[in-house]
2 protein chains.
Amino acid sequence: MSGMNTAYLALERHFARIASLQDAIGLLGWDKEVMMPSGAAERRSENLAMLEGLRHEILTAPIMADLLDQAETAASGTDWQRANLTAMRRQHTRATALPQDLVEAHAQATTLCEIAWRDARQNSDFKALLPALTEVLNLTRAIATATGEACGLSPYDALLDSFDPGTRQADIDPLFTRLRAELPALTAAALEAQASLPPAVTPQGPFSLPRQEALGRELMQRMGFDTTRGRLDVSLHPFCGGATHDVRLTTRYREDDFIPAMMGVMHETGHALYEMGLPDAWISQPVGQSGGMTLHESQSLIMEMQFCRSAPFTRWLAPRLREAFGVADTAAGWDAQSLHRQLIHVAPGFIRVDADEVTYPAHILARFELEKALVSGDLPLADLPAAFNERIHTLLGLRVPDDRQGCLQDIHWPAGLFGYFPCYALGAMTAAQLRQAACTQEPAILPAIGQGDFTLLLGWLRTHVHGRASSVPLRQIVQDATGAPLGADAYLAHLRTRYVDRAPNA
Amino acid sequence: MSGMNTAYLALERHFARIASLQDAIGLLGWDKEVMMPSGAAERRSENLAMLEGLRHEILTAPIMADLLDQAETAASGTDWQRANLTAMRRQHTRATALPQDLVEAHAQATTLCEIAWRDARQNSDFKALLPALTEVLNLTRAIATATGEACGLSPYDALLDSFDPGTRQADIDPLFTRLRAELPALTAAALEAQASLPPAVTPQGPFSLPRQEALGRELMQRMGFDTTRGRLDVSLHPFCGGATHDVRLTTRYREDDFIPAMMGVMHETGHALYEMGLPDAWISQPVGQSGGMTLHESQSLIMEMQFCRSAPFTRWLAPRLREAFGVADTAAGWDAQSLHRQLIHVAPGFIRVDADEVTYPAHILARFELEKALVSGDLPLADLPAAFNERIHTLLGLRVPDDRQGCLQDIHWPAGLFGYFPCYALGAMTAAQLRQAACTQEPAILPAIGQGDFTLLLGWLRTHVHGRASSVPLRQIVQDATGAPLGADAYLAHLRTRYVDRAPNA
């Protein structure tokens with residue numbers, strides 16, 4: 001800590017308390033989804049709100065502004081200490097930008113809107129959601145405006161920045177424009193290439209749940225998951241949560257298909273490896289935390305999509321699956337080729353979370369364009385269903401039959417998460433660009449993956465991504481790791497190689 | 001809230017935050033024992049210490065003293081509000097009595113001493129523990145003195161009061177003197193009565209763990225455990241923890257004997273029913289919390305010892321056990337009489353936690369007498385092993401072979417828990433007196449228990465104990481529920497009836 005002043009050191013102590021509260025919130029959130037008995041729900045919500053309130057209070061205490069001013073005036077120290085100070089300032093600016101009554105009104109509105117959304121989706125009744133969603137949108141716009149003013153950002157950038165520090169609409173618009181221009185033809189070509197093959201045979205269940213669970217545990221450990229610092233459990237919606245040094249993954253099992261749980265574990269393991277690779281020395285400081293939604297999603301997708309659905313890995317996986325489920329080597333549908341065809345099957349559909357890698361970005365494009373227009377006020381909320389359906393028709397060639405399969409399918413907007421959707425597609429682009437760079441710099445990575453060995457890949461990710469935490473922005477991490485700014489090239493090339501060319505190592 | 005002033009209402013808000021922190025600490029503590037991966041231990045300790053620090057900070061914030069003064073000056077309101085204010089003042093007085101460096105030194109010393117104790121016990125090496133235990137005792141005495149000065153209590157009373165608000169050495173010395181006088185003869189008579197019977201036949205294992213678990217779940221629900229507000233899991237040392245509206249029980253299973261896990265579940269269910277019976281309206285306030293260690297232990301013991309080991313319940317339980325483990329009605333050792341003889345078997349031994357109901361108080365008497373002398377300084381710590389062994393010989397007629405089975409067996413003193421042991425025996429006395437009163441006032445209770453029906457008993461406990469929470473002290477709860485002050489009469493009568501007379505309903 002030499003070179004840093006007492007104000008900075010005092011800030012570190014305050015932020016260490018905030019990090020402890022975040023750990024508590026993370027573990028209680030995990031418990032809520034995995035362990036909590038139903039009758040504790042109301043009290044748990046109160047407890048979590050109280051802990052969030054304490055966190056906010058420490059962050060916005062009057063002394064913090066003074067300490068930040070003093071620390072910045074005197075700033076010297078290491079790069080990491082200065083980056084930590086920047087991250088502290090960012091959190092403080094964002095937290096103090098908003099009046100408490102706006103924060104509380106937004107929290108209450110999203111809680112009510114999420115409840116209303118469950119019924120509205122069930123009944124495919126957008127009108128029933130409109131009043132609650134209007135309230136959420138208005139309050140989100142107020143938050144975006146106030147945060148934007150404090151940070152010198154446009155309202156939409158202020159929202160984007162809350163999920164992905166440093167990411168700006170002006171930087172990502174061209175990437176999405178590129179996707180919009182190239183994806184329709186690429187999707188058509190992928191479907192054509194797929195249609196030229198004989199129909200795929202899929203293994204028939206039921207698949208024993210204990211065997212699925214044992215398989216998931218074996219794969220996650222093989223990928224590098226440290227079971228002394230994390231767990232795998234079951235929840236309704238799979239997620240990666242928990243706390244520092246205690247990463248909690250969940251999945252869910254179906255008896256009729258083992259693929260969703262298996263790929264879910266690989267996806268969440270990607271998130272977990274990122275958390276586990278953050279530098280120990282900085283775990284309780286803002287600079288030591290993961291670098292935003294895009295990077296996080298890139299780490300789940302580089303595992304699930306880039307490597308675990310690759311042909312080389314599939315060739316290693318197929319015999320392992322036959323062994324895990326005790327089927328004969330000659331059983332129909334259990335060969336590597338059949339498995340790979342199943343893992344990269346393309347089928348345009350209405351539901352984003354069920355979409356394949358090729359059609360997924362179209363779902364994001366639709367939401368990105370629509371939410372920008374909603375936040376700017378260009379699109380009245382009442383017109384959302386029609387606009388949503390028009391976009392899906394343009395992008396995917398599908399006629400949305402009802403709002404349940406259209407604009408009501410996602411919880412994000414009712415939950416106040418505007419500016420979040422683009423991170424999914426940006427994560428996919430980042431994952432493709434990182435894979436390309438990793439495999440170029442370390443040609444042994446893909447052959448090792450083809451032997452079920454993730455060590456080289458994980459080492460590369462630790463050095464170039466995980467270990468850097470939030471010390472530099474996403475943009476810098478991508479530039480340093482790949483030698484180029486984040487773009488759509490690697491991603492489009494990846495889709496073409498895997499889905500159109502159907503190359504043997506894709 | 002009519003009649004109460006704004007200062008009081010502000011205090012309620014501060015204490016609601018403290019209660020939320022306690023819930024978080026309770027759930028993270030449960031997770032630590034039941035779920036946490038090993039590598040998260042250090043970080044979890046930091047997180048828990050941070051949450052404890054926040055709790056202490058809210059409780060001792062400068063504004064709290066002012067609010068308490070104002071609220072007390074203006075005090076009116078309901079009985080519960082006034083009792084709440086009293087409980088708030090008590091917590092505040094105790095928290096502000098101690099300088100922060102003393103609290104931290106004590107926490108650190110106990111952490112180190114607990115670690116040293118594990119090795120010292122293993123090696124039966126008291127000398128190796130002496131330096132660390134001396135530090136803990138000195139700091140505990142400093143805490144007792146400072147707290148005592150702030151509360152107007154002797155040092156030992158200050159310690160007692162921290163586990164059992166309102167309990168004083170002067171009140172309990174006569175009860176323990178009575179036990180000391182009567183137990184040796186009673187134990188001899190119990191052993192004689194037992195020896196006059198033919199040797200007991202015990203069922204032979206292995207006992208399937210899933211069946212043991214299913215049995216435990218059935219019994220706890222039958223006793224009134226609300227599974228929408230709690231869970232049963234496995235941990236190394238069984239406990240009852242968790243949070244308000246979310247009571248977490250644990251047990252552990254052995255394949256060779258199902259009795260320990262089953263009785264453990266019944267014991268912890270007694271604790272849980274107390275927590276579940278606290279009044280909803282006051283869950284986040286000091287007055288709504290359970291009334292100390294003696295009452296808590298009385299609720300586990302009234303279930304486990306008083307009712308679940310009674311002959312009437314055993315007659316209901318025996319066929320249920322045969323069914324649970326799938327053995328024939330005529331199987332040797334599975335009849336009610338054999339089961340009951342096993343559940344009330346008396347055997348003087350060295351280990352407190354393995355002791356039966358008759359010899360258990362001797363273990364507490366030894367510790368109570370010794371810890372008073374340690375705190376007062378009359379007994380030098382170096383002389384503890386000899387003094388401990390002398391007490392056990394006097395009280396139980398046993399020669400302690402080594403310190404592992406002597407003064408090193410319990411974690412309490414290394415953990416700084418002086419003044420805690422008497423609560424176990426006071427809990428047993430309270431349980432006996434409550435049972436006697438309940439069965440006199442509601443003669444249908446015991447016959448119902450003999451049908452496996454706990455409804456009447458639970459209703460009586462809710463009214464007379466659980467629902468009163470901390471609104472009045474232990475002394476008042478016992479007086480109001482039983483018409484007499486807490487004494488040793490009911491307990492000694494219970495032991496005589498069950499173990500000497502071997503009465504058919506004991």
Side-chain angles (χ1 to χ4, degrees), chain A residues 13-32 34-58 61 225-233 242-249 272 275-276 278 280 283-284, chain B residues 13-32 34-58 61 225-233 242-249 272 275-276 278 280 283-284:
Chain A
R13 288 192 295 275
H14 288 292
F15 276 92
R17 285 150 56 100
I18 290 172
S20 257
L21 281 169
Q22 284 167 191
D23 276 357
I25 291 166
L27 287 163
L28 294 182
W30 171 87
D31 185 277
K32 180 164 172 267
V34 180
M35 292 290 155
M36 187 183 75
S38 60
E42 192 182 332
R43 179 66 179 159
R44 181 65 55 88
S45 296
E46 288 171 18
N47 288 340
L48 285 168
M50 198 78 76
L51 291 172
E52 286 287 2
L54 278 170
R55 183 189 174 283
H56 185 79
E57 210 170 280
I58 296 173
F225 187 97
D226 176 357
T227 53
T228 70
R229 288 195 171 182
R231 295 177 52 94
L232 172 66
D233 294 276
T244 43
H245 293 185
D246 196 353
V247 182
R248 306 282 173 102
L249 298 193
E275 291 291 327
M276 289 175 163
L278 296 170
D280 265 4
I283 54 162
S284 65
Chain B
R13 287 192 296 274
H14 289 292
F15 276 93
R17 284 149 58 99
I18 290 173
S20 257
L21 281 168
Q22 285 168 187
D23 275 356
I25 291 166
L27 288 163
L28 294 182
W30 170 86
D31 185 276
K32 181 165 171 268
V34 180
M35 293 290 154
M36 188 183 74
S38 60
E42 192 183 330
R43 179 67 181 158
R44 182 66 55 88
S45 295
E46 287 171 21
N47 288 341
L48 285 168
M50 198 79 76
L51 291 172
E52 287 287 2
L54 278 171
R55 183 189 174 284
H56 185 79
E57 212 170 279
I58 297 173
F225 187 96
D226 176 357
T227 53
T228 70
R229 288 196 169 182
R231 293 177 53 94
L232 172 67
D233 295 276
T244 44
H245 292 186
D246 196 353
V247 182
R248 304 282 172 102
L249 299 192
E275 291 292 327
M276 288 174 165
L278 295 170
D280 264 3
I283 55 162
S284 64

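We name chains A, B, ... by the order of the sequence lines, and we start the count at 1 in each one. Every heavy atom of this structure was used, including side-chain atoms; hydrogens, water molecules and symmetry mates were not.
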* Would A:R43 and B:D246 pass as an ion pair if we require N to O under 4.0 Å? -> no

* Structure fact -> Correct closest heavy-atom pair for A:G230 and B:P37 would be N-CG, 3.3 Å

* Can you check whether B:M35 reaches A:R248 side chain to side chain, under 4.5 Å on heavy atoms? -> yes

* Tell me, for B:A19 versus chain A, whether the close heavy atoms (under 4.5 Å) come from the side chain, the backbone, both or neither. => both

* To do: Select one option (side chain, backbone, both, neither) describing which atoms of B:I58 are under 4.5 Å from chain A's heavy atoms.
  => side chain

* To do: Output the distance between atom CG (A:D23) and atom CG (B:L28), rounded to the nearest 0.5 Å.
  => 9.0 Å

* To do: Report yes if the side chains of B:R17 and A:E57 come closer than 4.5 Å at any heavy-atom pair, otherwise no.
  => yes

* Pairing of B:R231 and A:D31 as salt bridge, 4.0 angstrom limit -> no

* Structure fact -> Closest non-hydrogen atoms of A:A24 and B:L51, given as atom of the first, atom of the second and distance, are CB-CD1, 4.1 Å

* Heavy atoms only, distances under 4.5 angstrom: which of B:G242, B:A49, B:S38 has the most pairs with chain A? Name it, please. => B:S38

* Structure fact -> Okay, B:A16 and chain A: the region with an atom under 4.5 Å from a heavy atom over there is both

* **CD on A:E46 to CD1 on B:I283, rounded to 0.5 Å** => 6.0 Å

* Given that the side chain runs from C-beta out, which part of B:S284 has a heavy atom under 4.5 Å from chain A: side chain, backbone, both or neither? -> both

